[in-house]
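Reading through the structure tokens given below for one structure.
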Amino acid sequence: MTNLVFGRRQAEALVYREARLLDDLELDEWLTLFTDDGIYWVPIDENAPVDESVSIIYDWPLRREERVRHLLDIPFPAQSPRSRTMHLVSNVESVKQESGEYLVRTNQIIHEIRVGDFSQVGLGVVNVLAGQVHYTVRIVNGNPLIAMKKVLLLNREMPQGNLTFML
Amino acid sequence: MTESNEAADPGLVWTGPKRFRVRTAAYVDPVVFAREMKRVFESNWVFVAHESEISEPGNYKTSHIGLQPVIISRDDDRQIHVLLNRCVHRGAAVCREQRGSANLFRCPYHGWMYGNDGKLVGMSLAGGDAGYDSDFDRPEGLVRVPRVESYRGMVFASLNPDVKPLVEYLGRAAWIIDNKLDASPVGQIQLRSKPIVARYPGNWKFQAENIVDGYHFSFVHEGFTHLQRQYQDATGDFGVHAGNDSPADVRRVRSRGRNYGTPNGHGLTARPVADLVPWLEGKHGAYYRELLDAYGEERLKMIAGRSTASIFPNLGLIHHQIRVWRPLSANLTEVTVYPYDLVGVDEEINRGWLRSQERFYGAAGYGQPDDTEVFAVNQQGLSATAVDWLILERGLHAERDEGGGDWSGQPGGEVPQRSFWLEWMRRMESQEEQS
Ligand code: FES
Ligand SMILES: [Fe+2]
């Protein structure tokens, strides 16, 4: 159908753009990076069946939309004040799968801080998350779209703090 | 501050006919914290595990009684043991995994070996002039927590050999446990998913109070009610927050039912469903009709309802989860949410409850992160120690005696919280020195 090669450079363009949209809270545009059935998954136990195990995030398309509406439109204590984030992406590799989709593997470091009265508990401190982020990329009408974003946090089954920002 | 010789000083909890106030120090003072580890945790029943977590011989998990690290293991004869995770030789931890399966626990320092029943089964290089004499006072094994009892698969342990029997201790709280577990046609739950674990920079008692607090929902979770109005069940609520579509709706829904206080400090919110028809005729009607046949209408109203419990000192029941809070210091707490499956119930129903809990209680969810944020905000607020008291007097004028030492009030009042604090105070201020 298409001989578009989705190699490392193309993969970098996609994941850098995603990182920018997340950090700039351009989340309506972020939603358009996914396929219509695109899943956003942050597992606690990536080897357990999804149906038998709670995840940190398991968002099907309507849930992704809900997450964006929640974060952009609705005030809530865990984001009052709001987080600032910075996603650093590296170690990008893109490998074509038998299905015709591409598996893009990256390593990411996410820095997050909530400002406000930085003398107070929980504010004014930079938190660091690290993990592998794997994207399944499907080429739809010549456009590379994310069919699955899977975030494997290094500390996924450990105690978590407030993760109510975009990972 | 924590102790006073003045007779007029009300102490940490100030009670009177129209008074119920708790001193700031009860949440922030490290001296109080050290005392409550001894008197509230180490002298009392504490929830440590559910039997389904260690279902097979050799299975174990680690847990805590206050600050004391323990191993809960099932031996080859299926007997459950609760053991201090400390080699009796020179102190190394003998188990470094959170859960697993083992015939033996081998100490990494000098290789002493313990069976999965805790017995010392091997001492390395025991003989000779560098070893032990023939009359060496050989320890029996890992130090054993003296009392272990289960109620419907929920394992409690106590470092105090003289605690009252568990069923007596649970009292009316067992009624909530029964209603939760009887939602399974065979009366059993199973912990299958890995848990959700969170830490917050605040005192553990905020979580113990809040799980039975009907007052906060329309404020802390106001954003959630907006989300609920918009998405209803489409994003996986599974009917749990039906009718919680605005702060006003929440206040109406959550004032139904009855709050209970009990003599052992458990705080309960019993919220039966008002009308069974939507359940019996809904998508999963067959399941509810089966329960109706087994239990009748009144029990089913409770079973299908939304009751919660704060079981003194460290166990919570809400939604379809066991929740455990673990104090780390006066201002640091770990909360573990174990979603459970109802044994014998359609997979689709268990999956529904699971996705619903993930959406509300997860670290990136729309409920619990707001609660734990508020606990941190509370601890922050209490750094203003120049203010002496917190006020817990809602509904104090309208409490009702329920007999047997229990009492009740309307949800949204603070009966369950007062129940907690009264027991806490009895333990903290009791004259007898407990180990
Ligand atoms: S401390 Fe365990 S064998 Fe020495
Ligand atoms: Fe809450």
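Heavy-atom basis, side chains included; hydrogens, waters and symmetry copies ignored. Keep in mind that this is a model prediction, so the values were computed, not measured. Labels below follow one simple rule: chain letters A, B, ... track the order of the sequence lines, proteins then strands, and each chain is numbered from 1.
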Q | Heavy-atom side-chain proximity of B:Glu358 to A:Ile56 below 4.5 angstrom | A |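 The answer is no, as the side chains (C-beta and beyond) never meet within the 4.5 Å cut-off.
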
(Q) Consider side chain to side chain donor-acceptor pair (under 3.5 Å). Of A:His70, A:Glu66, A:Glu65, which one does B:Tyr231 pass it with? (A)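 Of all the options given, the one that passes is A:Glu65.
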
(Q) For the backbone of B:Ser193 and the side chain of A:Ser53, can you confirm whether one donor and one acceptor N or O come within less than 3.5 Å of each other? (A)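 No; judged by distance alone, with no hydrogens or angles, the pair does not exist.
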
Q: Using modelled atom types only, decide if a donor and an acceptor are shared between the side chain of A:Gln160 and the backbone of B:Ala363 within a distance under 3.5 Å.
A: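 Here the side-chain-to-backbone pair does not exist.
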
**Q.** Contact class of A:Arg114 relative to chain B, heavy atoms under 4.5 angstrom
**A.**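 Contact with chain B: side chain only.
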
Spacing of [X] atom [atom1] and [Y] atom [atom2] [to the nearest 0.5 Å]:
| X | Y | atom1 | atom2 | result |
| --- | --- | --- | --- | --- |
| A:Phe76 | B:Glu373 | CZ | CD | 10.0 Å |
| B:Ile196 | A:Glu157 | CD1 | CD | 14.0 Å |
| A:Asn47 | B:Lys194 | CG | NZ | 8.0 Å |

Do you know the tightest heavy-atom contact between [X] and [Y]?
| X | Y | answer |
| --- | --- | --- |
| B:Pro369 | A:Ala78 | O-CB, 3.7 Å |
| A:Leu62 | B:Ala234 | CD2-CB, 3.3 Å |
| A:Arg63 | B:Tyr366 | O-OH, 4.3 Å |

For [X], I'd like to know if atom [atom1] has over 12 heavy atoms of other residues, nucleotides or ligands within 6.0 Å.
| X | atom1 | result |
| --- | --- | --- |
| A:Asp37 | CG | yes |
| B:Arg229 | CZ | yes |
| A:Tyr58 | OH | no |
| B:Glu97 | CD | no |
| A:Phe118 | CZ | no |

Q) Any idea which of A:Ile74, A:Val54, A:Val42 has the most non-hydrogen atom pairs under 4.5 angstrom with chain B? A)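 Top count of heavy-atom pairs under 4.5 Å with chain B: A:Val54.
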
Q. Quick one: of A:Ser55, A:Pro75, A:Pro49, who has the most non-hydrogen atom pairs under 4.5 Å with chain B?
A.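 Max contact count across the listed options: A:Ser55.
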
By a 4.5 Å heavy-atom criterion (distance strictly below it), what part of [X] contacts chain A: side chain, backbone, both, or neither?
| X | result |
| --- | --- |
| B:Glu334 | side chain |
| B:Gln379 | neither |
| B:Pro339 | side chain |

Q: Could you please spell out the steps behind the side chain to side chain contact (heavy atoms under 4.5 Å, CB included) verdict for B:Glu347 and A:Asp51?
A: CA-CA 9 Å; B:Glu347 276 297 312; A:Asp51 284 350; 5.7 Å; no

Q) When only pairs under 4.5 Å are counted, which of B:Gln368, B:Gln98, B:Gln357, B:Arg192 shares the most heavy-atom pairs with chain A? A)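 Among the listed options, the one with the most contacts to chain A is B:Arg192.
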
Q: Salt-bridge test for B:Arg351 and A:Glu52: reply yes if a basic N is under 4.0 Å from a carboxylate O, no otherwise.
A: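 Not counted as a salt bridge, because no side-chain N and carboxylate O are separated by less than 4.0 Å.
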
Q: Give the C-alpha distance, both sets of side-chain angles, the deciding distance and a yes or no for side chain to side chain contact (heavy atoms under 4.5 Å, CB included) between B:Arg355 and A:Val50.
A: CA-CA 10 Å; B:Arg355 292 275 93 83; A:Val50 169; 3.4 Å; yes

